[in-house]
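FYI, side chains are in, hydrogens and waters are out, and symmetry mates aren't considered; it's all heavy atoms of this structure. Per chain, numbering begins at 1; letters A, B, ... match sequence-line order.
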Amino acid sequence: MNQDNKSEFTKCMTKTAKQLLDWYDRNRRDLPWRAAHGESADPYHVWLSEIMLQQTTVATVKGYFEKFLTRWPSVDALAAAPQEDVLQEWAGLGYYARARNLHKCAQVVVEVHQGSFPQTEEGLKALPGIGDYTGAAIAAIAFGEPAAVVDGNVERVVSRLFRVTDALPGAKKVIKAHTAEITPTKRPGDFAQAMMDLGSGVCTPKTPKCLLCPIRGACAAHEAGDMERFPVKAPKKAKPTRRAISFWLEHDGHVLLERRPQKGLLGGMPGLFSTPWEERPAFPAKEEWLTHRPSEDYWKPVEGMAKHTFTHFHLETKLLAAKADSKLNIENGFWHPVADLDAVGLPTVFKKIAVLRP
DNA sequence: GACCCGTGGGA
DNA sequence: TTCCCAAGGGT
(Lines give C-alpha, C1' and ligand atoms only; values in the text may rest on other atoms or scores of the structure.)
Protein backbone atom coordinates (compact mmCIF):
# COMPACT_ATOMS: atom_id res chain seq x y z
CA MET A 1 0.00 0.00 0.00
CA ASN A 2 1.59 3.29 -1.05
CA GLN A 3 1.36 6.51 0.90
CA ASP A 4 -1.57 7.94 -1.04
CA ASN A 5 -3.62 4.79 -0.61
CA LYS A 6 -2.79 4.68 3.06
CA SER A 7 -3.98 8.20 3.71
CA GLU A 8 -7.08 7.47 1.66
CA PHE A 9 -7.62 4.39 3.79
CA THR A 10 -7.15 6.37 7.01
CA LYS A 11 -9.59 9.03 5.86
CA CYS A 12 -12.13 6.33 5.12
CA MET A 13 -11.72 4.85 8.57
CA THR A 14 -12.02 8.24 10.22
CA LYS A 15 -15.28 8.64 8.35
CA THR A 16 -16.42 5.27 9.63
CA ALA A 17 -15.68 6.25 13.23
CA LYS A 18 -17.60 9.49 12.73
CA GLN A 19 -20.63 7.69 11.32
CA LEU A 20 -20.61 5.32 14.25
CA LEU A 21 -20.35 8.14 16.80
CA ASP A 22 -23.26 9.97 15.15
CA TRP A 23 -25.31 6.78 15.39
CA TYR A 24 -24.30 6.44 19.04
CA ASP A 25 -25.42 9.99 19.84
CA ARG A 26 -28.81 9.26 18.29
CA ASN A 27 -29.26 5.85 19.94
CA ARG A 28 -27.45 6.22 23.25
CA ARG A 29 -28.86 4.06 26.04
CA ASP A 30 -29.10 5.38 29.56
CA LEU A 31 -27.19 3.02 31.85
CA PRO A 32 -26.54 3.50 35.59
CA TRP A 33 -22.76 3.66 35.12
CA ARG A 34 -22.80 5.76 31.96
CA ALA A 35 -22.10 9.49 32.31
CA ALA A 36 -24.48 11.98 30.73
CA HIS A 37 -23.48 13.18 27.26
CA GLY A 38 -20.39 15.38 27.54
CA GLU A 39 -19.84 14.60 31.23
CA SER A 40 -16.81 12.63 32.37
CA ALA A 41 -17.43 9.23 33.92
CA ASP A 42 -16.47 8.32 37.50
CA PRO A 43 -13.53 5.86 37.35
CA TYR A 44 -14.91 3.89 40.33
CA HIS A 45 -18.26 3.46 38.60
CA VAL A 46 -16.64 2.52 35.30
CA TRP A 47 -14.34 -0.01 36.95
CA LEU A 48 -17.10 -1.60 39.05
CA SER A 49 -19.43 -1.92 36.06
CA GLU A 50 -16.74 -3.28 33.75
CA ILE A 51 -15.81 -6.04 36.21
CA MET A 52 -19.47 -6.99 36.62
CA LEU A 53 -20.05 -6.91 32.87
CA GLN A 54 -17.34 -9.50 32.18
CA GLN A 55 -19.25 -12.36 30.51
CA THR A 56 -22.46 -11.02 32.04
CA THR A 57 -25.45 -9.30 30.46
CA VAL A 58 -26.34 -5.64 31.03
CA ALA A 59 -29.78 -6.60 32.36
CA THR A 60 -28.28 -8.85 35.05
CA VAL A 61 -25.63 -6.33 36.09
CA LYS A 62 -27.92 -3.33 36.64
CA GLY A 63 -29.35 -4.52 39.97
CA TYR A 64 -26.00 -5.66 41.35
CA PHE A 65 -24.34 -2.38 40.35
CA GLU A 66 -26.94 -0.32 42.22
CA LYS A 67 -26.67 -2.56 45.31
CA PHE A 68 -22.88 -2.29 45.42
CA LEU A 69 -22.86 1.46 44.88
CA THR A 70 -25.39 2.00 47.65
CA ARG A 71 -23.52 -0.16 50.12
CA TRP A 72 -20.01 0.95 49.09
CA PRO A 73 -20.17 4.44 47.50
CA SER A 74 -16.40 4.71 47.06
CA VAL A 75 -13.38 2.55 46.39
CA ASP A 76 -12.22 3.33 49.94
CA ALA A 77 -15.45 1.97 51.40
CA LEU A 78 -15.21 -1.19 49.31
CA ALA A 79 -11.58 -1.73 50.30
CA ALA A 80 -12.51 -1.49 53.97
CA ALA A 81 -15.27 -4.12 53.74
CA PRO A 82 -14.76 -7.73 54.88
CA GLN A 83 -14.36 -10.15 51.94
CA GLU A 84 -17.33 -12.17 53.21
CA ASP A 85 -19.64 -9.19 52.77
CA VAL A 86 -18.45 -8.61 49.22
CA LEU A 87 -18.94 -12.28 48.29
CA GLN A 88 -22.40 -12.24 49.85
CA GLU A 89 -23.46 -9.26 47.70
CA TRP A 90 -21.92 -10.92 44.64
CA ALA A 91 -23.80 -14.21 45.17
CA GLY A 92 -25.71 -15.21 42.03
CA LEU A 93 -23.55 -13.19 39.62
CA GLY A 94 -21.13 -16.05 39.00
CA TYR A 95 -17.40 -16.18 38.27
CA TYR A 96 -16.63 -15.56 41.93
CA ALA A 97 -12.92 -14.94 41.31
CA ARG A 98 -14.15 -11.60 39.98
CA ALA A 99 -15.47 -10.70 43.43
CA ARG A 100 -12.28 -11.78 45.16
CA ASN A 101 -10.18 -9.79 42.69
CA LEU A 102 -12.56 -6.82 42.91
CA HIS A 103 -11.96 -6.65 46.63
CA LYS A 104 -8.20 -7.13 46.25
CA CYS A 105 -8.07 -4.47 43.53
CA ALA A 106 -9.88 -1.93 45.72
CA GLN A 107 -7.33 -2.51 48.46
CA VAL A 108 -4.40 -2.08 46.07
CA VAL A 109 -5.88 1.14 44.67
CA VAL A 110 -6.28 2.51 48.18
CA GLU A 111 -3.00 1.31 49.67
CA VAL A 112 -0.66 1.62 46.68
CA HIS A 113 -2.29 4.32 44.54
CA GLN A 114 -3.69 6.62 47.25
CA GLY A 115 -7.26 5.82 46.28
CA SER A 116 -7.00 6.87 42.62
CA PHE A 117 -7.06 4.43 39.70
CA PRO A 118 -4.08 4.46 37.32
CA GLN A 119 -5.02 6.35 34.14
CA THR A 120 -3.19 4.28 31.54
CA GLU A 121 -4.05 0.93 30.00
CA GLU A 122 -0.77 -0.56 31.24
CA GLY A 123 -1.18 0.76 34.78
CA LEU A 124 -4.72 -0.55 34.96
CA LYS A 125 -3.78 -3.99 33.62
CA ALA A 126 -1.34 -4.43 36.50
CA LEU A 127 -4.31 -4.53 38.91
CA PRO A 128 -6.06 -7.78 39.94
CA GLY A 129 -9.02 -8.71 37.74
CA ILE A 130 -8.14 -6.21 35.00
CA GLY A 131 -6.99 -7.76 31.74
CA ASP A 132 -6.71 -6.70 28.08
CA TYR A 133 -10.32 -5.75 27.61
CA THR A 134 -11.05 -4.12 30.96
CA GLY A 135 -7.79 -2.16 31.05
CA ALA A 136 -8.49 -0.68 27.62
CA ALA A 137 -12.16 -0.04 28.44
CA ILE A 138 -11.45 1.90 31.64
CA ALA A 139 -8.60 3.85 30.03
CA ALA A 140 -10.86 4.87 27.16
CA ILE A 141 -14.15 5.45 28.99
CA ALA A 142 -12.92 6.98 32.26
CA PHE A 143 -9.72 8.70 31.09
CA GLY A 144 -10.15 9.39 27.36
CA GLU A 145 -7.18 7.29 26.26
CA PRO A 146 -7.40 6.13 22.62
CA ALA A 147 -7.11 2.46 23.63
CA ALA A 148 -8.34 -0.35 21.38
CA VAL A 149 -11.24 -1.88 23.30
CA VAL A 150 -12.03 -5.43 22.17
CA ASP A 151 -14.75 -7.52 23.76
CA GLY A 152 -16.91 -10.27 22.25
CA ASN A 153 -19.11 -7.71 20.48
CA VAL A 154 -16.17 -5.87 18.96
CA GLU A 155 -14.63 -9.16 17.84
CA ARG A 156 -17.79 -9.84 15.87
CA VAL A 157 -18.12 -6.33 14.42
CA VAL A 158 -14.46 -6.06 13.43
CA SER A 159 -14.17 -9.60 12.07
CA ARG A 160 -17.09 -8.75 9.77
CA LEU A 161 -15.84 -5.28 8.85
CA PHE A 162 -12.49 -6.71 7.74
CA ARG A 163 -13.71 -10.23 6.91
CA VAL A 164 -11.15 -11.85 9.22
CA THR A 165 -10.95 -15.49 8.15
CA ASP A 166 -8.61 -16.63 10.96
CA ALA A 167 -10.39 -18.48 13.76
CA LEU A 168 -10.74 -17.23 17.34
CA PRO A 169 -9.09 -17.18 19.78
CA GLY A 170 -5.99 -17.13 17.53
CA ALA A 171 -7.38 -14.16 15.60
CA LYS A 172 -7.46 -11.91 18.67
CA LYS A 173 -4.20 -10.19 17.75
CA VAL A 174 -5.31 -9.35 14.22
CA ILE A 175 -8.68 -8.12 15.45
CA LYS A 176 -7.06 -5.91 18.09
CA ALA A 177 -4.83 -4.38 15.39
CA HIS A 178 -7.81 -3.69 13.13
CA THR A 179 -9.67 -2.15 16.08
CA ALA A 180 -6.71 0.13 16.76
CA GLU A 181 -6.80 1.26 13.10
CA ILE A 182 -10.35 2.53 13.38
CA THR A 183 -10.25 3.89 16.96
CA PRO A 184 -10.37 7.70 16.86
CA THR A 185 -8.26 9.92 19.12
CA LYS A 186 -11.36 12.00 19.86
CA ARG A 187 -14.07 10.42 22.05
CA PRO A 188 -12.41 6.97 22.21
CA GLY A 189 -14.61 6.00 25.17
CA ASP A 190 -17.83 6.77 23.30
CA PHE A 191 -16.44 4.98 20.25
CA ALA A 192 -15.77 1.85 22.31
CA GLN A 193 -19.24 1.88 23.81
CA ALA A 194 -20.73 2.55 20.38
CA MET A 195 -18.95 -0.50 18.95
CA MET A 196 -20.26 -2.66 21.79
CA ASP A 197 -23.80 -1.31 21.46
CA LEU A 198 -23.64 -1.93 17.72
CA GLY A 199 -22.51 -5.49 18.32
CA SER A 200 -25.20 -6.25 20.88
CA GLY A 201 -28.12 -4.63 19.06
CA VAL A 202 -27.37 -4.53 15.33
CA CYS A 203 -24.36 -6.63 14.38
CA THR A 204 -25.81 -9.68 16.17
CA PRO A 205 -24.48 -13.24 15.92
CA LYS A 206 -27.48 -14.42 13.91
CA THR A 207 -29.39 -12.44 11.28
CA PRO A 208 -27.59 -9.12 11.81
CA LYS A 209 -29.71 -6.04 11.09
CA CYS A 210 -27.44 -4.66 8.39
CA LEU A 211 -30.11 -2.27 7.12
CA LEU A 212 -29.89 -0.43 10.45
CA CYS A 213 -26.08 -0.43 10.51
CA PRO A 214 -24.46 3.02 10.24
CA ILE A 215 -21.19 1.57 8.90
CA ARG A 216 -22.40 -1.14 6.53
CA GLY A 217 -20.82 0.82 3.64
CA ALA A 218 -17.40 -0.05 5.08
CA CYS A 219 -18.21 -3.68 5.88
CA ALA A 220 -16.41 -6.31 3.80
CA ALA A 221 -18.67 -9.14 4.97
CA HIS A 222 -21.80 -7.16 4.08
CA GLU A 223 -20.32 -6.50 0.67
CA ALA A 224 -19.69 -10.22 0.22
CA GLY A 225 -23.02 -11.18 1.78
CA ASP A 226 -21.56 -13.74 4.22
CA MET A 227 -21.86 -11.86 7.53
CA GLU A 228 -22.93 -14.89 9.56
CA ARG A 229 -19.70 -16.66 8.70
CA PHE A 230 -17.89 -14.31 11.09
CA PRO A 231 -16.34 -14.44 13.58
CA VAL A 232 -14.82 -17.80 12.70
CA LYS A 233 -14.43 -19.85 15.88
CA ALA A 234 -12.60 -23.02 16.88
CA PRO A 235 -14.96 -25.95 17.61
CA LYS A 236 -15.98 -26.52 21.24
CA LYS A 237 -15.69 -29.54 23.45
CA ALA A 238 -18.71 -31.43 24.76
CA LYS A 239 -19.58 -31.01 28.45
CA PRO A 240 -19.36 -34.13 30.62
CA THR A 241 -21.91 -34.84 33.37
CA ARG A 242 -20.78 -35.04 36.99
CA ARG A 243 -22.95 -36.55 39.69
CA ALA A 244 -22.97 -36.12 43.45
CA ILE A 245 -25.03 -36.37 46.61
CA SER A 246 -25.44 -33.38 48.91
CA PHE A 247 -26.26 -33.38 52.61
CA TRP A 248 -28.96 -31.33 54.36
CA LEU A 249 -28.29 -31.51 58.10
CA GLU A 250 -30.66 -29.60 60.37
CA HIS A 251 -30.75 -28.81 64.07
CA ASP A 252 -33.05 -26.40 65.88
CA GLY A 253 -33.94 -24.42 62.77
CA HIS A 254 -30.34 -24.22 61.58
CA VAL A 255 -28.69 -25.95 58.61
CA LEU A 256 -25.06 -27.02 58.34
CA LEU A 257 -23.21 -25.15 55.57
CA GLU A 258 -19.64 -25.32 54.34
CA ARG A 259 -17.25 -22.43 53.65
CA ARG A 260 -15.50 -23.52 50.45
CA PRO A 261 -11.74 -23.09 49.94
CA GLN A 262 -10.61 -19.78 48.39
CA LYS A 263 -9.33 -21.33 45.18
CA GLY A 264 -11.21 -23.30 42.56
CA LEU A 265 -14.88 -23.70 41.75
CA LEU A 266 -17.13 -21.35 43.79
CA GLY A 267 -14.06 -20.38 45.80
CA GLY A 268 -14.75 -18.67 49.12
CA MET A 269 -18.50 -19.16 48.79
CA PRO A 270 -20.83 -21.00 51.20
CA GLY A 271 -22.43 -24.28 50.11
CA LEU A 272 -23.83 -27.62 51.16
CA PHE A 273 -21.57 -30.50 52.08
CA SER A 274 -21.55 -33.15 49.36
CA THR A 275 -19.69 -36.05 47.83
CA PRO A 276 -16.99 -34.97 45.36
CA TRP A 277 -18.40 -33.77 42.02
CA GLU A 278 -17.12 -36.47 39.69
CA GLU A 279 -17.82 -37.47 36.11
CA ARG A 280 -19.60 -40.82 36.48
CA PRO A 281 -22.53 -42.77 34.96
CA ALA A 282 -24.52 -43.10 38.23
CA PHE A 283 -24.93 -41.48 41.62
CA PRO A 284 -22.66 -42.64 44.45
CA ALA A 285 -24.04 -45.73 46.22
CA LYS A 286 -24.53 -45.86 49.99
CA GLU A 287 -21.12 -47.39 50.75
CA GLU A 288 -19.58 -44.44 48.98
CA TRP A 289 -21.60 -41.51 50.31
CA LEU A 290 -21.29 -42.89 53.85
CA THR A 291 -17.62 -41.94 53.81
CA HIS A 292 -18.46 -38.33 52.87
CA ARG A 293 -21.44 -37.59 55.14
CA PRO A 294 -20.77 -34.76 57.60
CA SER A 295 -22.27 -36.64 60.57
CA GLU A 296 -23.34 -40.12 61.64
CA ASP A 297 -27.03 -39.30 61.93
CA TYR A 298 -29.82 -41.16 60.12
CA TRP A 299 -29.72 -40.00 56.50
CA LYS A 300 -32.88 -40.25 54.42
CA PRO A 301 -33.10 -39.67 50.64
CA VAL A 302 -35.14 -36.69 49.47
CA GLU A 303 -37.40 -36.76 46.43
CA GLY A 304 -36.12 -35.14 43.26
CA MET A 305 -32.86 -34.08 41.69
CA ALA A 306 -31.16 -30.76 41.00
CA LYS A 307 -29.50 -30.01 37.66
CA HIS A 308 -27.08 -27.21 36.99
CA THR A 309 -24.67 -26.41 34.17
CA PHE A 310 -21.30 -24.80 34.77
CA THR A 311 -18.90 -23.49 32.14
CA HIS A 312 -17.30 -26.85 31.49
CA PHE A 313 -19.60 -29.55 32.94
CA HIS A 314 -23.17 -30.47 33.82
CA LEU A 315 -23.95 -31.36 37.43
CA GLU A 316 -26.73 -33.62 38.72
CA THR A 317 -27.26 -33.76 42.45
CA LYS A 318 -29.52 -35.73 44.77
CA LEU A 319 -30.09 -34.78 48.37
CA LEU A 320 -29.99 -36.65 51.67
CA ALA A 321 -31.46 -35.14 54.82
CA ALA A 322 -30.92 -35.78 58.52
CA LYS A 323 -31.62 -34.26 61.95
CA ALA A 324 -28.62 -33.62 64.19
CA ASP A 325 -28.69 -34.01 67.98
CA SER A 326 -26.59 -30.91 68.45
CA LYS A 327 -24.81 -28.17 66.50
CA LEU A 328 -21.65 -30.17 66.22
CA ASN A 329 -18.48 -28.44 65.14
CA ILE A 330 -17.23 -29.49 61.74
CA GLU A 331 -14.11 -28.44 59.85
CA ASN A 332 -15.01 -25.50 57.55
CA GLY A 333 -18.64 -25.90 58.59
CA PHE A 334 -21.02 -23.39 60.16
CA TRP A 335 -24.68 -23.35 61.18
CA HIS A 336 -27.07 -20.91 59.58
CA PRO A 337 -30.76 -20.19 60.30
CA VAL A 338 -32.93 -21.92 57.68
CA ALA A 339 -35.44 -19.07 57.76
CA ASP A 340 -32.66 -16.68 56.77
CA LEU A 341 -31.08 -18.82 54.05
CA ASP A 342 -31.27 -16.07 51.40
CA ALA A 343 -29.07 -13.76 53.44
CA VAL A 344 -26.10 -16.11 53.45
CA GLY A 345 -25.56 -15.63 49.71
CA LEU A 346 -25.60 -19.13 48.26
CA PRO A 347 -24.37 -19.69 44.70
CA THR A 348 -27.25 -20.61 42.40
CA VAL A 349 -26.33 -24.28 42.22
CA PHE A 350 -26.82 -24.65 45.99
CA LYS A 351 -30.09 -22.73 45.92
CA LYS A 352 -31.36 -25.29 43.40
CA ILE A 353 -30.28 -28.16 45.64
CA ALA A 354 -31.65 -26.53 48.80
CA VAL A 355 -35.17 -26.22 47.42
CA LEU A 356 -35.36 -30.04 47.39
CA ARG A 357 -35.15 -30.12 51.18
CA PRO A 358 -37.97 -31.85 53.12
C1' DG B 1 -2.34 -21.94 24.07
C1' DA B 2 -5.33 -24.76 26.84
C1' DC B 3 -7.96 -25.07 30.65
C1' DC B 4 -10.57 -23.42 34.55
C1' DC B 5 -14.23 -20.48 36.21
C1' DG B 6 -21.25 -19.17 36.82
C1' DT B 7 -25.39 -17.88 35.41
C1' DG B 8 -29.56 -16.61 32.88
C1' DG B 9 -31.89 -15.77 28.63
C1' DG B 10 -32.94 -16.41 23.83
C1' DA B 11 -33.30 -19.15 19.57
C1' DT C 1 -34.17 -29.78 24.97
C1' DT C 2 -30.06 -28.24 23.79
C1' DC C 3 -27.02 -25.00 22.26
C1' DC C 4 -25.06 -20.54 22.10
C1' DC C 5 -23.76 -16.51 24.03
C1' DA C 6 -22.84 -12.29 27.25
C1' DA C 7 -18.79 -5.36 28.12
C1' DG C 8 -13.03 -11.94 30.16
C1' DG C 9 -9.22 -12.97 33.52
C1' DG C 10 -6.04 -16.05 35.83
C1' DT C 11 -3.01 -19.84 35.70
Contact nearer the 5' end of DNA chain C, comparing Met196(A) with Lys263(A): Met196(A)
Distance flag, aromatic centroids of Trp277(A) and Phe310(A), threshold under 6.0 Å: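 Yes.
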Within the 6.0 Å centroid threshold, strictly below: Trp299(A) and Phe247(A):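 Between Trp299(A) and Phe247(A), the centre distance is under 6.0 Å.
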Rounded interatomic separation in angstrom, taking CZ from Arg242(A) and C1' from dG6(B): 14 Å
Sole residue of Lys125(A), Glu50(A), Gln54(A) in side-chain hydrogen bond (donor to acceptor under 3.5 Å, both in side chains) with Thr134(A):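 Answer to the side-chain hydrogen bond (donor to acceptor under 3.5 Å, both in side chains) test with Thr134(A) among Lys125(A), Glu50(A), Gln54(A): Gln54(A).
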NZ or CZ of Lys239(A) within 45° of Phe313(A) ring axis and under 6.0 Å: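 No, Lys239(A) does not sit over the ring of Phe313(A).
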Polar-atom pairs under 3.5 Å, protein N or O versus N or O of nucleotides 1-5 of chain C: list them with distances, or write none.
unit_1 : atom_1 : unit_2    : atom_2 : d
dC5(C) : OP2    : Lys236(A) : NZ     : 2.9

Side-chain H-bond candidate by donor/acceptor type, Gln83(A) with Gln262(A), under 3.5 Å: yes
Rounded interatomic separation in angstrom, taking CG from Leu127(A) and P from dG9(C): 12 Å
Residues touching DNA chain C, which here means a heavy atom under 4.0 Å, drawn from residues 54-83 of chain A: Gln54(A), Gln55(A), Val58(A)
Whether Trp47(A) and Tyr44(A) hold their rings parallel, tilted or perpendicular, with breakpoints at 30° and 60°: tilted
Axial cation check for Phe65(A) ring with Lys62(A), 6.0 Å and 45° limits: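 No; the conditions do not both hold, so Lys62(A) does not lie above the ring face of Phe65(A).
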Leu320(A)/Arg293(A) under side-chain contact (heavy atoms from CB on, under 4.5 Å): CA gap, chis, key distance, verdict: CA-CA 9 Å; Leu320(A) 295 173; Arg293(A) 74 201 149 148; over 6 Å; no
